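The structure displayed is predicted, hence computed values, not measured ones.
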Amino acid sequence: MLRHSATPLLSRDKQTASPRFLQASERGLPGIYDPLLVWALRRPARSLALGAAFVALSFALVPVVGFSLFPGAETPQFRVDITAPEGASIAATDSAARFAERVLGRRAGVRAIYTSVGHDNPRIYYNVASRTDDPRIGQLFVLLHRYDPGATARLLDSVRAELASYPGAEMALREFENGPPIDAPIAMRIEGASLDSLRAIAAQVEDALKATPGTEYVTNPVRLARTDLRVVIDRAKAGLLGIPTVEIDRTVRLGLAGLETGTLREGAGDARPIVVRLARAGRASPAELERVHVSSMSGSLTPLAQVADVEFERAVSEIQRHNRVRSVTVTANVRTGYNTDRVTRQVLARLAPLALPSGYGIVPAGEIESRQESFGDMGGAIIVATFAILAILVLEFRTFRSTLIVASVIPLGLAGGILALLFAGQTLSFAATIGFVALVGIEIKTSILLVDLTNRLRAEGMGLEDAIRRAGEVRFLPIVLTSMTAIGGLLPIALQGSGLYSPLAWVIIGGLVSSTLLARIVTPVMYKVVAPAVQHA
């Protein structure tokens, strides 16, 4: 009879042995965490005051951190918007576009250039609308070989400086940005009734924007008034001569702009309009009206000068309205290295002393207005989510005191997230706000573990302070290891420097660090101060 003996591959001691890191942590934990917890439990008022001071100091740094809505797209492409002066021909716009092409063609790293004159390129980015056809406008869409946060920013700044030297048109180099479409990062909307008053106030706002460090491409749509040609008809004389007013209008348009009288179809089927106008060499001028004769009802021709006077008058290029109120929006971009929110606050401080006429006002638009709309909608969702979390906690613990203890970790995590943004040089953006929302859920989960174990230990008959200390010792290492795992996973995202994702990662990392270290002290102290009633087993 054969007998088989089973020999274990690992001895019992080796099977139950813990990694050396865990063994060292378990041995060193009582000597570090337990004395600190005992000190805090004996001085609950001082411990909570220190925690509250940390939170208050962190929230006081919010203005230093600054706000921003969405970061740049960080793509290897940008655009150059060309705007020639009022009345410029398409040839002048084309000359400006060719100058920009030469400037960009000399730069290393430029892969391709697509140029449109007389209109913008087709919509390339989701939040950039194309301008309507106009001989004064043009646009260059530029592709780079790659995007580098440092090198690309220096390249664009050098191109901006060279484009600014062109005297015949305004050239604005703009990077693509994430978020909803806005006129410009900084925009001041002047509202009122009189166009002359709006023009005067807009000039003051333009000066304030130009005087503020960090602004560029300041645009005032009513800076230069357009000169229109007005034909004032002597209706009494025209009536005596039997000349209809509509005939005068039609004849003036025929002489200057021309009238479409028919269509010419070519062999390929293409249709071209036939336009009749006065023969001239070059552009139309007011002198052309001296050659215009208008026809009366009887068919006789009368010189236009006998029945009408030609006058020049000043007019605006366009009349904007906001909520059915006349308005003018003066805009500006922000230079590289400047924070939009800080520059905007400096502009508002310069505009505050302005004495505006009754019925006129300056409304901050641009990124501020868009941020208020975006964060306002999100604020309601955050409030609903917060109440939902608290309701779940009340249902789980069946006591408001336990819910208060669990929720006490939230301010500590938020404070750590703010400090992390300050450390990383990031701002409170839309992505950072989403990080704060995610952080609240992570903090609540770890705090629940600590409070639940404390309640169970007390239900088994252990004393209040002993249960708090025991639960803190048991849960401390698992919570620390869990937080370290999450931080390790988020570090690559935080360190890559992405304007969209890095703020979210830094918020969660900072919140995990502060809540892991501080909440392990504050939460037990809160438990001692507002200890909930438990039923003993």
Side-chain angles (χ1 to χ4, degrees), residues 65-81 104 107-114 120-130 139-161 163 172-186 214-217 332-344 366-367 370-371 374-375 417 420-436 438 489-510:
V65 174
F67 295 89
S68 64
L69 185 59
F70 285 95
E74 298 179 345
T75 58
Q77 52 189 231
F78 60 89
R79 70 188 193 275
V80 178
D81 294 330
L104 290 165
R107 293 298 195 280
V110 174
R111 176 183 172 188
I113 304 171
Y114 302 88
D120 284 350
N121 288 302
R123 176 171 287 198
I124 299 167
Y125 206 66
Y126 71 96
N127 60 3
V128 178
S130 299
Q139 188 180 76
L140 281 71
F141 173 62
V142 185
L143 290 176
L144 304 175
H145 287 290
R146 65 186 183 89
Y147 179 86
D148 179 82
T152 303
R154 291 190 294 271
L155 168 66
L156 299 187
D157 286 341
S158 65
V159 173
R160 285 190 181 100
L163 293 178
L173 189 156
R174 293 186 172 97
E175 298 180 72
F176 296 105
E177 296 184 351
N178 294 308
I182 56 177
D183 294 332
I186 302 177
T215 59
E216 64 179 0
Y217 301 143
N333 281 57
V334 180
R335 295 181 183 274
T336 304
Y338 286 84
N339 179 264
T340 301
D341 182 68
R342 296 192 188 100
V343 176
T344 304
E367 187 172 298
S370 182
R371 185 176 68 213
S374 301
F375 282 91
L421 290 176
L422 180 64
F423 168 78
Q426 301 285 353
T427 57
L428 283 166
S429 60
F430 193 84
T433 305
I434 297 176
F436 280 115
L490 289 168
L491 269 178
I493 302 176
L495 295 177
Q496 74 175 359
S498 169
L500 185 60
Y501 301 109
S502 292
L504 185 149
W506 280 115
V507 164
I508 298 178
I509 289 174

* Asked: Can you name the side-chain contact (heavy atoms from CB on, under 4.5 Å) partners of Leu155, sequence neighbours left out?
  -> Arg107, Leu144, Ser158, Val159
* Do side-chain atoms of Thr152 reach the backbone of Asp148 as a donor and acceptor pair under 3.5 angstrom? -> yes
* To do: Under the salt bridge (charged side-chain N to carboxylate O under 4.0 Å, His left out) rule, collect the residues that match up with Arg111, sequence neighbours excluded.
  => none
* To do: Report yes if the side chains of Trp506 and Leu495 come closer than 4.5 Å at any heavy-atom pair, otherwise no.
  => yes
* To do: Tell me, please, which residues at least two apart from Asp341 pass salt bridge (charged side-chain N to carboxylate O under 4.0 Å, His left out).
  => Arg345, Arg371
Please list every donor-acceptor pair under 3.5 Å in which a side-chain atom of residues 71-80 meets a protein atom from a residue at least two apart or in another chain.
{"unit_1": "Glu74", "atom_1": "OE1", "unit_2": "Gly499", "atom_2": "N", "d": "3.4"}
{"unit_1": "Glu74", "atom_1": "OE2", "unit_2": "Gly499", "atom_2": "N", "d": "2.9"}
{"unit_1": "Arg79", "atom_1": "NE", "unit_2": "Asp81", "atom_2": "OD2", "d": "3.3"}

* Looking at residues at least two apart in the chain, or sitting in another chain, which of them share a side-chain hydrogen bond (donor to acceptor under 3.5 Å, both in side chains) with Thr427? -> Ser68
* To do: Decide yes or no for Leu173 and Tyr217: does some side-chain heavy atom of the first lie under 4.5 Å from some side-chain heavy atom of the second?
  => yes
* Structure fact -> The side-chain contact (heavy atoms from CB on, under 4.5 Å) partners of Ala161 (sequence neighbours excluded) come to none
* Test side-chain contact (heavy atoms from CB on, under 4.5 Å) applied to Ala432 - qualifying residues, sequence neighbours left out -> Leu421, Ser429, Pro503, Val507
* Which residues share a side-chain hydrogen bond (donor to acceptor under 3.5 Å, both in side chains) with Thr336, sequence neighbours left out -> Asp157
* Asked: Hey, are the side chains of Phe67 and Glu367 touching, using non-hydrogen atoms and a 4.5 Å cut-off?
  -> no
* Test ring pair (Phe, Tyr, Trp, His ring centres under 6.0 Å) applied to Tyr125 - qualifying residues, sequence neighbours left out -> Phe176
